[in-house]
Asks: 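The structure's right below; bear with me while I get my questions together.
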Amino acid sequence: MARIVVLTGAGISKESGIPTFRDLGGYWQQHRVEEVASPEGFAANPALVHDFYNTRRRHLQTPEIAPNDGHRALAEFAARTADDFLLVTQNVDDLHERAGSRDVVHMHGELLKARCAHCESVREWREDLSTALPCPACQRRGGLRPHIVWFGEMPLEMERIHAALSRCELFVAIGTSGQVYPAAGFTEVARDSGAETVEINPVPSGGRFDRVIEGPASSAVREFFRALK
């Protein structure tokens, strides 16, 4: 079981050019969350939802979007610690994987995957989605959707995450707002299990951590994990 659990949020990917949920001028500014990030929104206007995520998917695959030193530092550390390390991310991009991380737990899903609402199959998907496309597995149309956990849906792999938190010795939260549950409660779960808790953020979230490191993920993460024995 992993002795070190790391949770990353939008702050680490922001430095790679991906807007956060709260960024002015970001993807979310022109839409209400319920319209583009809920099962009800998808049922009411699937074309709008597909257009929203198609834009994000295309942006993620542009040449200027690339992992930063924070992503690379985590991949390098994980390669040295093997089974003692679990990386959990709230982000739906693939920047951790591009940096070399393996077995990343994407608790909110993955933008470069599609899921069929009819047969629940999940597969890699880098092109645009639409209601006209048939599911490659069941051939039914209208059910393909982004493999994203929307508001009102259960985050993925929660049993595995909680098992790791309940046994870890160190929990590190990187670039998270500390406002979105259930991830906002991970610190308490780890602390109740006796783990040391650390936050790395340009602006502290205000959460109850044993140690807070202020700074950009691209540099602060590398410095922290280099010093970690």
Asks: Which heavy atom in Pro182 sits nearest to a heavy atom in Met158, and how many Å separate them?
Replies: CG-CE, 3.6 Å
Asks: Is any side-chain heavy atom of Ile4 less than 4.5 Å from a side-chain heavy atom of Phe77?
Replies: yes
Asks: Given 3.5 Å as the limit, does a donor-acceptor pair link the side chain of Asp210 with the main chain of Val198, or not?
Replies: no
Asks: So Val149 and His106, do their side chains get closer than 4.5 Å, heavy atoms only?
Replies: no
Asks: Roughly how far, to the nearest 0.5 Å, is the CG atom of Asn54 from the NE2 atom of His59?
Replies: 14.5 Å
Asks: Taking Glu64 for the side chain and Gly17 for the main chain, is one N or O donor matched with an acceptor at less than 3.5 Å?
Replies: no
Asks: Would a distance-only check, ignoring hydrogens and angles, find a side-chain to backbone donor-acceptor pair under 3.5 Å from Arg140 to Cys135?
Replies: no
Asks: Are the charged groups of Lys113 and Glu97 less than 4.0 angstrom apart, N to O?
Replies: no
Asks: As a test of understanding, state which of Val88, Leu165, Ile161, Ile174 forms a side-chain contact (heavy atoms from CB on, under 4.5 Å) with Leu7.
Replies: Val88
Asks: For a quick test of reading the model, state the closest non-hydrogen atom pair linking Ala183 to Gln90 and the distance between them.
Replies: CB-NE2, 3.3 Å
Asks: Does the side chain of Phe224 come within less than 4.5 Å of Ile213's, by heavy atoms?
Replies: yes
Asks: Quick one: does Ser218's side chain have a donor or acceptor within less than 3.5 Å of a partner on Asp69's backbone?
Replies: no
Asks: Passes side chain to side chain contact (heavy atoms under 4.5 Å, CB included), Glu35 versus Asn45? Steps please.
Replies: CA-CA 8 Å; Glu35 293 178 328; Asn45 194 342; over 6 Å; no
Asks: Measuring from Arg32:CZ to Ser38:OG, what's the distance to the nearest 0.5 Å?
Replies: 8.5 Å
Asks: My understanding is that only residues two or more places apart in sequence, or in another chain, count here; which of them pass side chain to side chain donor-acceptor pair (under 3.5 Å) with Glu120?
Replies: none
Asks: Can you find a pair of side-chain heavy atoms, one from Thr62 and one from Arg58, that are under 4.5 Å apart?
Replies: no
Asks: Over 60° means perpendicular and under 30° means parallel, so classify the ring planes of Phe225 and Phe85, tilted if in between.
Replies: perpendicular
Asks: For the CD atom of Glu40 and the CD atom of Glu34, what is their distance to the nearest 0.5 Å?
Replies: 9.5 Å
Asks: For Thr89 and Thr8, does a side-chain donor sit closer than 3.5 Å to a side-chain acceptor?
Replies: yes
Asks: Salt bridge or not for Arg56 and Asp93, using N-O below 4.0 Å?
Replies: no
Asks: Applying a strict under-4.5 Å side-chain criterion to I, L, V, M, F, W and Y, I'd like to know whether Trp125 and Val104 cluster together.
Replies: no
Asks: Nearest 0.5 angstrom please: Leu48 CG to Phe42 CZ, how far?
Replies: 11.0 Å
Asks: Report, as yes or no, whether the 6.0 Å neighbourhood of atom CD on Gln139 holds more than 12 heavy atoms from other residues, nucleotides or ligands.
Replies: yes
Asks: When you compare the side chain of Ser101 with that of His71, does any pair of heavy atoms fall below 4.5 Å?
Replies: no
Asks: If we only count heavy atoms from C-beta on, is the Arg141 to Pro134 side-chain gap below 4.5 Å?
Replies: yes
Asks: Tell me if a side-chain donor or acceptor on Glu153 pairs with a main-chain N or O of Trp150 at a distance below 3.5 Å.
Replies: yes
Asks: Which atoms form the tightest heavy-atom contact between Glu214 and Pro202, and what is the distance?
Replies: OE1-O, 3.9 Å
Asks: For Val212 and Asn201, run side chain to side chain contact (heavy atoms under 4.5 Å, CB included): C-alpha distance rounded to whole Å, both residues' side-chain angles, the deciding distance at 0.1 Å, then the answer.
Replies: CA-CA 8 Å; Val212 176; Asn201 241 340; over 6 Å; no
Asks: Side chain to side chain contact (heavy atoms under 4.5 Å, CB included) for Glu127 and Leu133? Distances and angles first, verdict last.
Replies: CA-CA 11 Å; Glu127 306 300 324; Leu133 293 171; over 6 Å; no
Asks: Mark yes or no for whether His147, through its side chain, and Leu112, through its backbone, hold a donor-acceptor pair below 3.5 Å.
Replies: no
Asks: If hydrophobic clusters are built from ILVMFWY residues whose side chains come within less than 4.5 Å, do Leu111 and Leu156 share one?
Replies: no
Asks: When you compare the side chains of Ser205 and Glu199, does any donor N or O come within less than 3.5 Å of an acceptor on the partner?
Replies: yes
Asks: Honestly curious: do Val122 and Leu144 fall in one hydrophobic cluster under the side-chain, below-4.5 Å linking rule?
Replies: no
Asks: Answer yes or no: is there a donor N or O on one side and an acceptor on the other, between the side chain of Arg145 and the main chain of Ala117, under 3.5 Å?
Replies: no
Asks: Of Ile18, Ile65, Leu60, which meets side-chain contact (heavy atoms from CB on, under 4.5 Å) against Ser13?
Replies: Ile18
Asks: On a heavy-atom basis, which atom in Val221 and which in Ala73 lie closest, and how many Å separate them?
Replies: CG1-CB, 4.1 Å
Asks: Ignoring hydrogens and geometry, is there a side-chain-to-backbone donor-acceptor pair from Ser166 to Ala163 under 3.5 Å?
Replies: yes
Asks: Between Thr197 and Ala190, what is the shortest heavy-atom contact and its length?
Replies: CG2-CB, 4.3 Å
Asks: Taking atom CG of Leu129 and atom CG of Asp51, what is their separation to the nearest 0.5 Å?
Replies: 12.0 Å
Asks: Once rounded to the nearest 0.5 Å, what's the spacing between atom OG1 of Thr187 and atom CZ of Phe171?
Replies: 4.5 Å
Asks: Would you say that Glu157 contacts Met107 through its side chain, given a criterion of any heavy-atom pair below 4.5 Å between the two side chains?
Replies: no
Asks: So which heavy atom on Arg98 is nearest to which on Ala66, and how close?
Replies: NH1-CA, 4.2 Å
Asks: Answer yes or no: is there a donor N or O on one side and an acceptor on the other, between the side chain of Asn68 and the main chain of Ile12, under 3.5 Å?
Replies: yes
